[in-house]
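To start, the structure itself, in structure tokens.
Atoms within a ligand are numbered from 1 in the order they appear, just like the ligands themselves. Reckoned from all heavy atoms, side chains included, excluding hydrogens, waters and symmetry mates.
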Amino acid sequence: MAKKERANFGTKLGVILATAGSAVGLGNIWRFPYQAGEHGGAAFILIYLGCVLLLGISIMVAEFLIGRHSRANTARAYQVLAPGTPWKWVGRLGVLTGFLILSYYSVVAGWTLEFVGEAATGNLTGKTASAFKTAFEAFTANPWRPALWTLLFLLITHLIVVRGVEKGIERASKIMMPVLLLLLMVLAVCAMTLPNAMRGVEFLLKPDFSKVNSDVFLGALGQAFFSLSLGMGCLCTYASYFKKETNLTKTAFNVSIIDTVVAILAGLIIFPAAFSVNITPNAGAELVFITLPNVFQQAFGGVPVLSYIFSLLFYLLLALAALTSTISMHEVVTAFLHEELKLTRKRAAALVTLGCAVLGILCSLSLGIGRDYTLFGMTLFDLFDKGTAKIMLPVGGLFISIFTGWFLDKKIVRAEITNDGSLKVPLYRLIIVLLKYVAPISIALVFINELGIL
Ligand code: PHE
């Protein structure tokens with residue numbers, strides 16, 4: 001895209017909500033609860049919050065300033081800022097990461113469509129807890145249905161990306177995000193009134209540090225990057241649409257707060273709900289699709305109309321939240337192919353959609369008939385999930401912090417963070433220290449620890 005073609009997000013609120021639209025998605029509502037469950041609950045959440053505060057916000061500011069200053073796709077951004085250096089590979093790694101995440105993410109996004117259908121046709125009421133489990137397992141093991149939903153989701157994403165996204169994303173996010181927040185709050189209150197709910201709240205709030213090991217750290221770090229859309233140039237691409245007046249630090253804070261609130265709310269729904277029906281929350285990635293339907297029917301047991309409305313609204317919003325995230329990933333890869341391979345935007349988008357469709361279907365099948373084909377002991381779906389979140393995104397974040405903290409001209413960094421000196425940013429020094437020392441050292445330490453070298 002040439003400079004003059006680059007559109008801007010229209011309003012301050014639009015910037016925050018569109019960026020939050022990328023950040024808030026399945027990562028918060030589907031992935032966060034099961035990651036917390038698998039990694040022991042409250043202690044994981046504390047470490048997660050530490051990662052958001054110390055690494056997430058500063059790296060988000062770094063991605064913003066790289067994107068806004070270069071006004072280019074993420075790989076080109078490094079060529080603009082550091083011509084003739086290998087830094088462009090950080091951008092390219094991001095593009096690859098986005099492509100891989102989009103592939104398996106579309107599978108889960110597809111499940112949300114199935115559940116919209118199930119909710120709409122009233123199929124999510126009148127079942128026992130175990131019937132929900134059996135139905136979901138049968139659904140994901142089916143070779144056709146989930147694959148078709150994956151394709152449909154990719155197609156919807158494709159159509160929006162091809163048409164140009166700025167207005168669409170901004171407008172949709174402005175309506176959707178507040179409704180999503182409100183609905184999550186109501187559901188959290190409902191979940192907490194279920195029998196045994198307090199055991200779930202305890203699991204969420206009472207840390208057991210005896211369970212903490214290097215894998216918990218890496219899990220929390222990866223989840224923070226995944227949830228904040230960090231480490232793959234996604235926010236860098238969005239920031240290339242920011243206006244000159246946008247306050248990067250404030251935006252990073254606001255987006256991180258919204259993202260964290262949504263994740264914690266999701267936890268406050270899922271954990272009490274899981275304990276109330278005796279499901280251990282480490283059950284895995286299916287919590288949102290097995291435990292939640294049961295909550296809807298139990299919480300509003302006496303009034304079926306209410307459980308119908310709530311479940312339909314919830315899966316609809318979940319699908320939309322996933323959509324604003326898939327659009328942002330698709331956009332990263334499409335912009336890259338369009339600008340670097342000189343393909344038309346339409347062709348570039350088609351290539352991304354096709355590639356993701358093939359990989360997405362393979363990921364989907366790997367949960368059913370392909371279950372026995374494993375790589376490094378994992379199904380393709382798990383390999384994509386863990387490989388991207390636990391390795392590729394943190395590696396991306398490591399390099400982004402080193403690039404901004406050590407390599408990039410300080411004048412550019414200061415000019416972008418303070419909007420050419422017109423903003424007072426009291427945390428400026430802290431952000432630089434975090435980018436220069438805290439982020440690279442702590443990410444490297446987590447990796448070294450995980451590899452067992454320390
Ligand atoms: N942050 C998104 C979510 O939580 C996922 C995502 C990851 C989006 C990386 C863009 C880039 O669902």
**Study point:** Residues Trp149, Phe153; criterion ring-ring contact (aromatic ring centres under 6.0 Å, His included); working and verdict
**Key:** CA-CA 6 Å; Trp149 286 124; Phe153 207 94; 9.8 Å; no
Check your understanding: Distance from Met232 atom CE to Leu100 atom CG, nearest 0.5 Å?
Key -> 10.0 Å
Check your understanding: Would you call Phe226 and Tyr105 a side-chain contact if the rule is heavy atoms closer than 4.5 Å?
Key -> yes
Check your understanding: Which atoms of ligand 1 have any heavy atom of Ser328 under 4.0 Å away?
Key -> 10 (C)
**Study point:** Donor on one side chain, acceptor on other, Ser229 and Ser22, under 3.5 Å
**Key:** yes
Check your understanding: Any chance CZ of Phe399 has more than 12 other-residue heavy atoms, nucleotides or ligands included, within less than 6.0 Å?
Key -> no
Review point. Can you tell me which residue and heavy atom of the protein come closest to atom 12 (O) of ligand 1, and the distance to 0.1 Å?
Key: Tyr105 OH, 2.4 Å
Practice item. Looking only at protein heavy atoms, identify the closest one to atom 7 (C) of ligand 1 and say how far it is in Å. Key: Phe226 O, 3.4 Å
Check your understanding: Among Ala20, Ala23, Ser325, Cys234, whose heavy atom sits nearest atom 4 (O) of ligand 1?
Key -> Ala23
Check your understanding: For atom 8 (C) of ligand 1, what's the nearest protein heavy atom and its distance?
Key -> Ser229 OG, 3.3 Å
Point to revise | Met232 contact mode with ligand 1 (heavy-atom cut-off under 4.0 Å) | key: side chain
Review point. Taking only heavy atoms of Ser227, which atoms of ligand 1 are found under 4.0 Å from at least one of them?
Key: 1 (N), 4 (O)
Point to revise | Distance-only N or O hit between ligand 1 and Gly27, under 3.5 Å | key: yes
Practice item. Could you walk me through whether Tyr48 and Phe32 pass ring-ring contact (aromatic ring centres under 6.0 Å, His included), step by step? Key: CA-CA 10 Å; Tyr48 172 81; Phe32 175 78; 5.2 Å; yes
Point to revise | Modelled atom types, side-chain donor and acceptor of Asn28 and Asp259, under 3.5 Å | key: yes
Point to revise | Thr334 versus His330, side-chain donor and acceptor atoms under 3.5 Å | key: yes
Review point. Numbering the atoms of ligand 1 from 1, which are under 4.0 Å from a heavy atom of Gly25?
Key: 3 (C), 4 (O), 12 (O)
Study note, to complete from the structure: Numbered in order shown, the ligand 1 atoms found under 4.0 Å of a heavy atom of Asn28 are 4 (O)
Exercise for review: Indicate yes or no: does an N/O atom of Leu230 lie under 3.5 Å from an N/O atom of ligand 1?
Suggested key: no
